[in-house]
There are 2 protein chains.
Amino acid sequence: MGTRLALRIQERFEDLTRSEQKLAQFLLDRPDEILGTSATELAGFAGVSKATAARLFRNLGYSDFNDVRLQAREERNRTGPVQQIPMPQVSATAATTVPVHLQVETANLIRTFEELRSDVLNQAAEQLAAAGRVWVAGLGIENGLAQYLRTLLARVRPGVHLISENASIWPEELASTGPNDALVIIAVRPWPQHISTMLNFAKTTRLKSIVITDPTNVGKAQRKGALVLNCHVSTPWSELTQTSVLSMAQLLASALINRLGQKAEIRRNLIANLAEEFEDDRDR
Amino acid sequence: MGTRLALRIQERFEDLTRSEQKLAQFLLDRPDEILGTSATELAGFAGVSKATAARLFRNLGYSDFNDVRLQAREERNRTGPVQQIPMPQVSATAATTVPVHLQVETANLIRTFEELRSDVLNQAAEQLAAAGRVWVAGLGIENGLAQYLRTLLARVRPGVHLISENASIWPEELASTGPNDALVIIAVRPWPQHISTMLNFAKTTRLKSIVITDPTNVGKAQRKGALVLNCHVSTPWSELTQTSVLSMAQLLASALINRLGQKAEIRRNLIANLAEEFEDDRDR
DNA sequence: AGGTTTATGAAACTCTTGTTTCAGTAATTA
DNA sequence: TAATTACTGAAACAAGAGTTTCATAAACCT
């Protein structure tokens, strides 16, 4: 679909005067030229006077040239619905190139978030907002991501804890949790057995649990009463990419911020200021 | 590769004043905004005065703002639109919706990887492959990401260590490093002072260093002799998103795998088998 | 702390851009 | 061909953009 300006011109092209048409044609030929080019210049390119340019835009129904430019800018920013980016097919042996990487990542992100129901996200945010304490868990490589999510959440609300990777001390760590708490688990395939243990515990304690996982584990997690945030993590070769998992963590934190409103803002500024002071201290 | 303006800013970023940096950062984050936006507006977005804007452009070596715009336009004409997916504009107060989140993430990924020169990536992979040991560092929220990258790299080659977040024990940790080692640092703005210390150390020890960072710190890192992997991390609101950072880590690991070939494969399978056995043990 | 340097935005100023007016030209009609 | 109408660009005008100046504030030295 063309821009609104282009459509408007096409409709009325015949009604325009000779020199208006000259300019109009130029605009049709190079629609992207409107951004960053002044009306005077456009007129110059088309070989007509500034006055004609002013008249043309008015005749097309705009109040101003500024009006035209604003609309063009807005339209560029709104660049229609995201188009499906297919997952590239790559022979197993070929080296990963940067463009392929980009395409894989983009495809996973798009699938993940076009599929995500915003009511599920909001429910998750609601649970995190209402919880007395929040526990974040991730095993193996997901531990780093869990730590990341923990920091993100801790900036926004108090009482966010990272569950140790050492399963043997879970009893101590989880002993004090109750139905008022929330548990966020990051776990993609291969699904660690421990996670099931943890989810079972959560279910019996009536701990609200949110699981960020990949499509193969959605069912399992849901069956244990967890709210599931599903992330696409596949690549054309055998590895996984956790980019969409991190992105989901980021979105979850954003959703919590929205949910908490002012309260989150206050805490965030407090922390930012403290951090700044620490940096300053070290400078001296 | 970035625009000439972006390069110029990155080179001189630290020499700029506080509010010049605010504006410069905005320009780095949204390079496409220069077209079709007046200097006054840009200054407004960045929260600085028109005067500062004028000064910035002069300080960067342009004679005029007009000069800047002309060059930007010329560059776009030479290389096509800066990016297909623009960063959406969002009012500061609006809640983050899922589609907006998706668009932000996609825009950052695309910018990051369309700009990434594959020879730089390969050089980084080469250094990681050739190094005797690899040290991975990340402070604050980046520590989680560093841990993630560490795991990723450790699956593929031996001798990959995570540097503790506790700066006071760095002397011990880094004591045994030498010119044969490689250091990977993950640090986005606000740039922690400690990172500079670490980079200085690396430079004097002739430690090869790779820095994963955001556009505002590229110059600083390069000047300390590091190989820089530049990641776009901005959002239309005030926070940052580290999704592209994680993705970069992922790509770096992939590149290393490609570089190591068979050797990586063997180690990876070994580790996968071990992990499986552990899981099995616990089932019983 | 006091003095010096540096950085900053408000406001004055200059220059460019876009609009409007108007007189001259071209096209149209009788 | 003369009268009428429509179109056009030059120039006057108004609005706004970008630059420079300057007083004030912040940072930095002793």
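Chain A is the first sequence line, chain B the second, and so forth, proteins listed ahead of strands; every chain is numbered from 1.
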(message) Could you work out, with salt bridge (Lys or Arg N to Asp or Glu O under 4.0 Å) as the rule, every residue matching B:D15, not counting sequence neighbours?
(response) B:R12
(request) Extract, from 5' to 3' on DNA chain D, the first and final nucleotides lying under 4.0 angstrom from some heavy atom of chain A. (result) D:dC7 to D:dA10
(message) Treating primed atoms plus P, OP1 and OP2 as sugar-phosphate and everything else as base, which nucleotides of nucleotides 6-11 of chain C get B, S or - for protein heavy atoms under 4.0 Å?
(response) -SBBB-
(message) Suppose we screen for side chain to side chain contact (heavy atoms under 4.5 Å, CB included). Which residues come up paired with B:Q123, at least two apart in sequence or across chains?
(response) B:L227
Can I get a per-line list of side-chain donor-acceptor pairs under 3.5 Å for residues 38-47 of chain B, giving both atom names and the distance, sequence neighbours left out?
from: B:S38; atom 1: OG; to: B:E41; atom 2: N; distance (Å): 3.2
from: B:S38; atom 1: OG; to: B:E41; atom 2: OE1; distance (Å): 3.4
from: B:E41; atom 1: OE1; to: A:R73; atom 2: NH2; distance (Å): 3.3
from: B:E41; atom 1: OE1; to: B:S38; atom 2: N; distance (Å): 3.1
from: B:E41; atom 1: OE2; to: A:R73; atom 2: NH2; distance (Å): 3.4

(message) I need the CG-P distance between B:L70 and C:dT16, as an integer number of Å.
(response) 13 Å
(request) Kindly check if the number of other-residue, nucleotide or ligand heavy atoms within 6.0 Å of CZ (B:R223) is above 12? (result) yes
(message) Checking A:R157 now: which residues fulfil salt bridge (Lys or Arg N to Asp or Glu O under 4.0 Å) with it, not counting sequence neighbours?
(response) none
(message) Give the residues of residues 62-69 of chain A touching DNA chain C, defined as any heavy atom closer than 4.0 Å, sorted by residue number.
(response) A:D64, A:F65
(request) Can you sort out the partners of B:Q147 under side chain to side chain contact (heavy atoms under 4.5 Å, CB included), two or more places apart, ordered by chain and number? (result) A:N143, A:Q147, A:E165, B:L162
(request) Please identify each residue that fulfils side-chain hydrogen bond (donor to acceptor under 3.5 Å, both in side chains) with B:S164, with sequence neighbours left out. (result) none
Table please: side-chain donor-acceptor pairs of residues 50-63 of chain B below 3.5 Å, with sequence neighbours left out.
from: B:T52; atom 1: OG1; to: B:S49; atom 2: OG; distance (Å): 3.2
from: B:R58; atom 1: NH2; to: B:S63; atom 2: O; distance (Å): 3.4
from: B:N59; atom 1: ND2; to: B:E20; atom 2: OE2; distance (Å): 2.6

(request) Identify, with sequence neighbours excluded, every residue that meets salt bridge (Lys or Arg N to Asp or Glu O under 4.0 Å) alongside A:R259. (result) A:E126
(message) OP1 or OP2 of C:dT16 versus the side-chain N and O atoms of A:S38: is any pair under 4.0 Å?
(response) no
(request) Please list, chain by chain and in numerical order, all residues satisfying side chain to side chain contact (heavy atoms under 4.5 Å, CB included) with A:R69, sequence neighbours excluded. (result) A:F65, A:N66
